[in-house]
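Please read these numbers as outputs of a predicted model, since none were measured by experiment.
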Amino acid sequence: MDFSPMDDGPWIELPEGAAFNTAPPTYDDIIAMSDLDGDPSVTTAKEHEMIALLSQVLGASPITN
């Protein structure tokens, strides 16, 4: 990979045609990211903690059940 020096640090050049979604993650995205045990049908206490943390850090609005 080529690194391009910039004022704020090295940057990796993107492959041609790369596309990225810059929209904030949805609640479903955060649920998927917080799946720690590999079983999306069960939400453990640790996963609830991860959902809360990711919601705060990534700016998504949590939905209460």
Anything under 3.5 Å between a donor and an acceptor, one on a side chain of residues 31-39, the other on a protein residue two or more places apart or in another chain? List them.
{"from": "S34", "atom 1": "OG", "to": "I30", "atom 2": "O", "distance (Å)": "3.3"}
{"from": "S34", "atom 1": "OG", "to": "I31", "atom 2": "O", "distance (Å)": "2.9"}
{"from": "D35", "atom 1": "OD1", "to": "G38", "atom 2": "N", "distance (Å)": "3.3"}
{"from": "D35", "atom 1": "OD1", "to": "D39", "atom 2": "N", "distance (Å)": "3.4"}
{"from": "D37", "atom 1": "OD1", "to": "D39", "atom 2": "N", "distance (Å)": "2.9"}
{"from": "D39", "atom 1": "OD1", "to": "S41", "atom 2": "N", "distance (Å)": "3.1"}
{"from": "D39", "atom 1": "OD1", "to": "S41", "atom 2": "OG", "distance (Å)": "2.6"}

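Of the inter-residue distances, the one linking L54 atom CG with Y27 atom OH reads 10.5 Å to the nearest 0.5 angstrom. Expressed to the nearest 0.5 Å, how far OG1 of T44 lies from CE of M50 amounts to 9.5 Å.
Summarising the hydrophobic clusters (Ile, Leu, Val, Met, Phe, Trp, Tyr; side-chain heavy atoms under 4.5 Å, direct or chained), the residues clustered with F20 are L14.
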Would T43 and I51 count as a side chain to side chain contact (heavy atoms under 4.5 Å, CB included) if you check the C-alpha gap in whole Å, the side-chain angles of each, and the deciding distance to 0.1 Å? CA-CA 10 Å; T43 306; I51 291 166; 4.1 Å; yes

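Take D28 and apply the side-chain contact (heavy atoms from CB on, under 4.5 Å) test, not counting sequence neighbours, and it matches T26.
Among residues at least two apart or in separate chains, salt bridge (charged side-chain N to carboxylate O under 4.0 Å, His left out) pairs with a member in residues 47-56 are K46-E49.
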